[in-house]
Structure formats: structure tokens, C-alpha cells
**Q** 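After the C-alpha cells below, expect a handful of questions from me.
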Amino acid sequence: MEQNKLYTLPPLPYKYTDLQPYISEQQLTLHHDKHHLAYVNGANNLLQKLDKARKDNTEIDIKSALKELSFHIGGHLLHSLFWSNLAPAGRGGGQPGGVLADYINREFTSFERFRKEFTQAAVSVEGSGWAALSFCKQTNRPLIMQIEKHNVNVYPAFAILLVVDVWEHAYYLDYKNDRGKFIDAFWNIVNWEEVDKRLKKII
Ligand code: MN
């Protein structure tokens, strides 16, 4: 049996300046080094708290511990997916190709229609959350979903292909409260190759 581990903050797969002008160095640094790290630390603290309570055989409020744990793990996993479905400015954006394009066209009739629906999903998330393109193996369909905070409304068996973070901490320095403007910028740095790769892994 392999040794158990704690979560670690993955380094960005590009430089902090690479997403400019769509996401500034300051915004990306804060988001990755402070916010994402806080979820990693939060999840690890909870795991260690649970370890300790089990070892000492003391009581712990399981309901609240599990809720907090899933919040932090959700935050960590979603941020990790988000960083790697973005590409440096000039190398991302445009339209997907390959089998991903086929699935998007079949489900949404066109890329433009998909982009419009995904944008509406992202802009209309209530409060803090995410928009995601996921894939359901039972129906063989891609599905757009909204994620509230980090962990509500997720279909557990659906693989996530593409996510965008619409917490204010993701865009406030660059776009103030204009989430729509951030989503417009996001489309310029989507790493479609990575999204296509995620799809191919599961179909
Ligand atoms: Mn975030």
C-alpha cells in the first residue's frame, strides 16, 4: 500500500505573465499563490484534524468537518483543472478541433451556440462559483453545469472538461465587478487541446 499524502499546490503550467493582457500578472499571482494555496492548506488542515481525532479517539463534528473538507478539496481540484485548461495568450482561444468539436457541434449545433450558453451559465452563477463543461457517459453528451461555491450541484460521475472560475477573486483586480468582460477575455486563452485531451481520456 502506498503511503498516504497531503495535497500540494501544483505550479502553473506557464509563467505568471503569460495570460496577459487577459489576466494580469498581479491577478494571476494573487489567485494562484494566495487563493488556491488557501484551499490546499484548508484541505490539509482538515485531514490532519481528522487524523488526530482518530488517533486520539476523540469526538469531532463530522458533519461540519466533511462540509469544510469538501469545500477545500473542491476548490483545490477545480483550480487545478482551471489552470491547465488555460493557455498562454496567443496560443489559446479560437475554436476547438478534433473529436471535441464534433461533440460540441452535435450537442449545441454550433460552437457559437455553445459559447453563448456557456457564457450565460458563467455570468449567471449566483454569488461565487464556476461554470463547467462536463461529459456524461450514460448519455454520451457534453453538459454545461454551474457550480456554486466549490462543491454544490456537481454530478459526481461527470468528468469535467473545461472550467472557468467566476469568484470575484478571479477577476476583480482586472475587471472590477464586470464578470461578463472577464468571460469575454477567458475565451481568448482557452486551451482547447487540453479540453480535447480530457474528453478523449473518457470516451
Ligand atoms: Mn478561484
Side-chain angles (χ1 to χ4, degrees), residues 6-47 66-89 91-93 115 117-134 143-156 158-192 194-195 198:
L6 291 172
Y7 293 102
T8 52
L9 181 69
L12 289 176
Y14 34 72
K15 296 201 295 288
Y16 288 97
T17 50
D18 279 351
L19 303 183
Q20 299 190 117
Y22 306 107
I23 299 176
S24 69
E25 178 181 12
Q26 194 191 9
Q27 177 75 75
L28 185 58
T29 305
L30 183 78
H31 196 177
H32 178 263
D33 292 8
K34 302 285 182 205
H35 290 282
H36 186 169
L37 181 65
Y39 300 122
V40 170
N41 290 340
N44 288 338
N45 286 343
L46 258 295
L47 287 178
L66 295 185
K67 194 170 179 194
E68 210 182 318
L69 185 61
S70 92
F71 175 82
H72 289 295
I73 293 175
H76 168 52
L77 297 180
L78 285 165
H79 282 94
S80 302
L81 286 166
F82 181 48
W83 306 133
S84 61
N85 68 220
L86 298 179
R91 288 205 265 137
R115 182 176 151 145
E117 287 190 23
F118 190 93
T119 297
Q120 286 172 345
V123 169
S124 65
V125 169
E126 286 174 12
S128 300
W130 301 72
L133 179 68
S134 63
L143 180 89
I144 297 170
M145 62 188 187
Q146 292 184 321
I147 298 170
E148 291 172 10
K149 290 185 222 146
H150 293 317
N151 53 7
V152 188
N153 297 340
V154 175
Y155 307 100
F158 287 22
I160 291 178
L161 306 177
L162 169 72
V163 280
V164 60
D165 187 341
V166 293
W167 285 57
E168 277 192 347
H169 72 224
Y171 58 85
Y172 203 81
L173 289 180
D174 291 341
Y175 300 101
K176 297 290 181 283
N177 57 337
D178 195 342
R179 188 189 281 179
K181 216 165 150 190
F182 169 58
I183 303 303
D184 286 344
F186 159 77
W187 290 115
N188 291 292
I189 44 173
V190 174
N191 185 341
W192 290 115
E194 170 65 21
V195 181
R198 290 178 191 169

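Order of appearance sets the numbers: ligands from 1, and atoms from 1 within every ligand.
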**Q** For His150 versus Leu78, what's the shortest heavy-atom pair and its separation?
**A**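 Reported closest heavy-atom pair: O-CD1, 3.4 Å.
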**Q** Looking at Asp165, pick out the N, O or S atom nearest to the Mn ion (ligand 1) and give its name.
**A**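 Result: OD2.
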**Q** May I ask you to check whether over 12 heavy atoms, not counting those of Gln26, lie within 6.0 Å of atom CD?
**A**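 No, the 6.0 Å shell around CD holds no more than 12 heavy atoms from other groups.
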**Q** Would you check if the Mn ion (ligand 1) lies under 2.8 Å from any N, O or S atom of His35?
**A**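 Given the 2.8 Å cut-off, His35 does not count as a ligand of the Mn ion (ligand 1).
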**Q** Tell me whether the Mn ion (ligand 1) has His169 as a neighbour, meaning an N, O or S atom of it below 2.8 Å.
**A**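 It does; at least one qualifying atom falls short of 2.8 Å.
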**Q** Work out which heavy atom in Val125 is nearest to a heavy atom in Trp130; give both atom names and the distance.
**A**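 Looks like CG2-O, 3.5 Å.
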**Q** Quick check for you: with the Mn ion (ligand 1) as the vertex, what angle do NE2 of His31 and NE2 of His79 span, to 10°?
**A**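 Output for this angle: 90°, rounded to tens.
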**Q** Evaluate the criterion ring-ring contact (aromatic ring centres under 6.0 Å, His included) for residue pair His31 and His79; output intermediate values, then yes/no.
**A** CA-CA 9 Å; His31 196 177; His79 282 94; 5.0 Å; yes
